[in-house]
2 protein chains.
Amino acid sequence: MVKCSEEEVRVANVSMRDVAALAEVSHGTVSHFLNHPDRVSAKTAQRIQRAIETLGFVPNQAGRQLRMGKSATIAYIAPDVSNPFFATIAEGAEERAAEHGLSVFVANSRRQRAREDAYLDLFEQHRVRGMLVASHEPIEDRLALVRKRGTPSVLMGQVAVSEDQPSVSIDDVLGGRLAAEHLLQLGRRRIAFVGGPLGVRQVADRLQGASDAIRESGSATLEVVNVVERTVAGGRAVARELLARAAAVRPDGVFAVNDLLGLGMMQVLSSEGVRVPDDLALIGYDDIEFAESSIVPLSSIRPPHEAFGYAAIELLVTELSGRTEDPHQVFPPALVPRTSTTGEPIHTDV
Amino acid sequence: MVKCSEEEVRVANVSMRDVAALAEVSHGTVSHFLNHPDRVSAKTAQRIQRAIETLGFVPNQAGRQLRMGKSATIAYIAPDVSNPFFATIAEGAEERAAEHGLSVFVANSRRQRAREDAYLDLFEQHRVRGMLVASHEPIEDRLALVRKRGTPSVLMGQVAVSEDQPSVSIDDVLGGRLAAEHLLQLGRRRIAFVGGPLGVRQVADRLQGASDAIRESGSATLEVVNVVERTVAGGRAVARELLARAAAVRPDGVFAVNDLLGLGMMQVLSSEGVRVPDDLALIGYDDIEFAESSIVPLSSIRPPHEAFGYAAIELLVTELSGRTEDPHQVFPPALVPRTSTTGEPIHTDV
DNA sequence: CTGAAAGCGCTAACAA
DNA sequence: TTGTTAGCGCTTTCAG
């Protein structure tokens with residue numbers, strides 16, 4: 001594969017055989033040099049090294065993988081890469097994976113089940129070592145199938161039903177409760193839950209927690225404002241709907257199912273003269289980095305971020321190594337009160 | 001590789017040969033069925049299809065790639081996945097890549113040159129079809145090497161020096177000028193440029209544009225506040241430094257080299273009672289989604305987002321197909337004035 | 001310490 | 001229409 005002119009020796013598609021030829025050894029020896037350098041004599045090693053450099057040899061993973069049967073890659077399928085929440089998780093996962101000598105490839109499903117499936121296929125075909133799958137869809141059966149064929153995975157963001165399916169998740173029922181109790185404690189009585197679709201597990205759980213808290217209080221009402229897109233734009237749209245109502249029938253406390261929605265609402269409410277939190281207290285969920293720098297700093301429910309990705313990798317590695325611990329890790333979220341509910345200006349002393 | 005019990009037929013590592021055996025055809029025929037279905041008779045096709053399903057066969061990309069020499073994957077190496085700017089670019093790239101039947105894997109270099117190199121290696125070893133590389137480092141020589149060995153790339157965010165290296169970039173000098181001129185027009189005279197390191201091309205260009213505009217005005221001064229981390233936390237730190245100064249020697253206009261910095265500054269300034277823009281006008285760069293929902297909506301310089309990723313893929317595909325057009329695309333950024341400079345509340349009528 | 005050889009799963013040219 | 005075959009680049013066992 002090597003065309004050897006005088007000056008220009010580096011050429012595409014250099015294989016171990018080419019290196020071997022130039023170094024005047026067999027290609028098996030080159031492989032030894034690469035994988036067990038100790039089994040090769042110093043001077044042969046040197047010759048091989050020089051040949052590699054001269055030719056610009058880059059080992060072909062496909063060959064290696066084919067021979068070895070497995071790759072050293074982990075796939076992370078996220079519903080929305082532009083949501084900083086998932087990006088931060090990715091960073092935690094990557095870091096831990098690197099410590100295990102594994103690389104992480106990130107794929108963006110854009111919340112579409114079809115794209116999730118496509119990536120699941122793709123990564124399965126690539127024989128990745130394992131997958132981290134953050135999804136808002138019911139995807140466990142699919143993962144069971146993939147697992148049966150040899151690719152393990154960790155479900156992220158929802159507790160798996162099956163014992164065989166490891167998962168890392170947030171206690172979203174608790175999170176919803178924390179948000180609602182916070183609003184109640186501040187004296188809010190007409191509370192709205194903004195989020196949807198309710199078929200999404202995470203959404204349903206948060207609503208349930210909120211709903212429980214409000215029922216127990218006995219003194220407040222919960223309105224559900226269903227929403228299709230849990231994005232900043234979606235939040236703006238909801239706020240406009242609220243503004244179209246007479247002030248008396250607007251909620252005085254809003255729990256947005258994620259920060260993106262909360263931030264979008266905040267934007268429109270503020271620009272239209274609604275005072276947050278005086279007229280309307282607002283709390284989000286996820287505690288993304290930008291919640292704190294919002295028009296009015298946004299109260300939120302904080303799940304672990306980096307730790308979440310970290311834990312997922314740990315679980316995956318555990319599974320890969322055959323050991324088996326508790327496969328369902330559930331993290332408790334924490335309330336982060338800020339101006340958008342408390343009215344108190346915050347001080348950032350970090 | 002298939003262990004065939006009565007009930008449990010699906011097993012890991014099913015190859016085309018296993019499928020062929022069960023369907024009682026040769027493995028070549030299975031390959032035909034997969035790649036040229038028309039060349040296979042209806043009933044054989046059916047038998048093969050059934051065998052595939054029974055066994056849960058998933059084709060092994062490593063084998064295919066080894067044979068074909070190339071994969072159908074594009075790599076996108078980004079400096080910071082949690083910066084929504086890069087995430088949005090990724091979405092544009094993905095979309096266009098899908099239209100060409102290509103998949104995109106995203107890797108996060110976390111602004112570390114060592115990690116960039118590691119991923120470059122990794123993807124080269126995987127023989128990806130091409131790479132999109134967004135970097136703040138001088139990386140062109142490295143990409144030239146990679147190209148010479150057969151993997152083309154598109155440099156994103158800085159104009160390539162070499163004719164052979166396609167690039168997609170923003171006119172950052174113009175962007176810097178727009179930001180500074182905007183502050184000047186609003187009557188600001190003690191202007192600070194917050195950003196760094198100056199060795200980073202994008203940073204240097206933005207500073208140059210700002211500096212040019214200010215020199216031309218003849219009536220304002222430009223102070224450079226160097227910064228190591230272009231993050232929200234970095235912005236907070238700078239703001240605290242500014243607050244430590246006597247009010248008279250604080251700048252009255254700040255151009256932050258990206259929105260993350262601007263948002264971090266805004267947070268601290270606001271919480272400490274500095275009025276934006278009355279006491280200090282603030283403009284960022286990148287126009288990320290959260291700029292608009294900031295404490296005070298943040299003015300920014302807007303590069304194209306999705307279009308950027310889209311253009312990069314186009315350029316890459318062009319190169320792959322051997323055609324050659326103008327390899328250096330430079331997009332002009334636009335000023336997006338918001339409350340943080342103009343003082344006017346914004347209305348969101350989208 | 002080095003070489004020879006087999007085979008991982010796949011595709012495609014060619015033969016039947 | 002289907003089967004046979006060679007070989008992509010690599011690792012590893014076994015001999016030398």
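Just so it is clear: chains get the letters A, B, ... in the order the sequence lines come, proteins before strands, and each one is counted from 1. This is a predicted model, so every value here is computed, not measured.
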Requested in this report: Would you classify Phe57(A) as touching base, sugar-phosphate or nothing, given that sugar-phosphate means primed atoms plus P, OP1 and OP2, and contacts are heavy atoms under 4.0 Å?
Outcome: sugar-phosphate

Query - Secondary-structure string, 5' to 3', Watson-Crick or G-U under 3.5 Å, | for another-strand partners, for DNA chain D - result: ||||||||||||||||

Query raised in the report: Salt bridge between Arg142(A) and Asp121(A), side-chain N to carboxylate O under 4.0 Å?
Result: yes

Report summary line: Closest to the side chain of Met68(B), out of dT2(D), dG3(C), dT11(C), is dT11(C)

Query - Within-4.5 Å side-chain heavy-atom neighbours: Val133(B) and Met156(B) - result: no

Report task. State which of dT11(D), dT11(C), dC8(D) makes the closest approach to the side chain of Leu66(B). Result -> dC8(D)

**Report entry** Separation of atom CD1 in Ile52(A) from atom P in dG9(D), rounded to whole Å
**Finding:** 15 Å

Requested in this report: Just jot down the side-chain contact (heavy atoms from CB on, under 4.5 Å) partners of Leu22(B), sequence neighbours excluded, or say none.
Outcome: Ala51(B), Thr54(B), Leu55(B)

Query raised in the report: Got a sec, which residues hit ring pair (Phe, Tyr, Trp, His ring centres under 6.0 Å) with His136(A), two or more places apart in sequence or on another chain?
Result: none

Query raised in the report: Between Thr29(A) and dT2(C), does any side-chain N or O lie under 4.0 Å from OP1 or OP2?
Result: no

Report summary line: The answer to which of Met16(A) and His32(A) contacts DNA chain D further toward the 5' end, by nearest nucleotide, is Met16(A)

Query raised in the report: Rounding to a whole Å, what distance do you find between Gln65(A):CD and dT12(D):P?
Result: 14 Å

**Report entry** Interatomic distance, Glu24(A) CD vs dG3(C) P [rounded to whole Å]
**Finding:** 10 Å

Query raised in the report: Within the structure, does a side-chain N or O atom of Ser31(A) lie under 4.0 Å from either OP1 or OP2 of dC10(D)?
Result: no

Report task. Could you tell me the separation between the CG atom of Asn60(A) and the C1' atom of dG9(C), rounded to a whole number of Å? Result -> 14 Å

Requested in this report: With sequence neighbours excluded, give me every salt bridge (charged side-chain N to carboxylate O under 4.0 Å, His left out) pair touching residues 56-65 of chain A.
Outcome: none

Close N/O contacts between protein and nucleotides 5-7 of chain D (under 3.5 Å):
from   : atom 1 : to       : atom 2 : distance (Å)
dG7(D) : N2     : Arg67(B) : NH1    : 3.0

**Report entry** Protein-nucleotide distance (Leu55(B), atom CG; dG9(C), atom P), rounded to Å
**Finding:** 13 Å

Query raised in the report: Just wondering, do Ile74(A) and Val128(A) contact through their side chains at under 4.5 Å, heavy atoms?
Result: no

Query raised in the report: Side chains of Glu91(A) and Glu95(A): closer than 4.5 Å at any heavy-atom pair?
Result: no

Query raised in the report: Which whole-number value in Å describes the distance from Arg47(B) CZ to dT2(D) C1'?
Result: 11 Å

Query raised in the report: Taking only residues two or more places apart in sequence or in another chain, which ones pass salt bridge (charged side-chain N to carboxylate O under 4.0 Å, His left out) with Glu306(B)?
Result: none

Query - Residues from residues 35-45 of chain B lying under 4.0 Å of DNA chain C - heavy atoms - result: Asn35(B), His36(B)

Query raised in the report: Taking only residues two or more places apart in sequence, or in another chain, which ones meet Ser71(A) in a side chain to side chain donor-acceptor pair (under 3.5 Å)?
Result: none

Query raised in the report: Is it true that Arg147(B) and Glu124(B) have a side-chain N and a carboxylate O under 4.0 angstrom from each other?
Result: no

Query raised in the report: Does the gap between the ring centers of Phe123(B) and Phe105(A) come in under 6.0 Å?
Result: yes

Query raised in the report: Just how far, in rounded Å, is C1' of dC10(C) from NZ of Lys70(B)?
Result: 18 Å

Report summary line: Applying ring pair (Phe, Tyr, Trp, His ring centres under 6.0 Å) to Phe33(B) and not counting sequence neighbours gives none

**Report entry** Protein-nucleotide distance (Asp18(A), atom CG; dC8(D), atom P), rounded to Å
**Finding:** 10 Å

Query raised in the report: Taking only side-chain nitrogens and oxygens of Arg64(A), does any of them come within less than 4.0 Å of OP1 or OP2 of dG9(D)?
Result: no

**Report entry** Pairing residues for Ser103(B) by the side-chain contact (heavy atoms from CB on, under 4.5 Å) criterion, not counting sequence neighbours
**Finding:** Leu122(A)

Requested in this report: Please list, by residue number, the residues of residues 119-131 of chain A whose heavy atoms come closer than 4.0 Å to an atom of DNA chain C; answer none if no residue qualifies.
Outcome: none

Query - Results of ring pair (Phe, Tyr, Trp, His ring centres under 6.0 Å) for His27(B) - residues two or more places apart only - result: none

Query raised in the report: Is any NZ, NE, NH1 or NH2 atom of the basic residue among Asp80(A) and Arg111(A) found under 4.0 Å from an Asp or Glu carboxylate oxygen of the other?
Result: yes

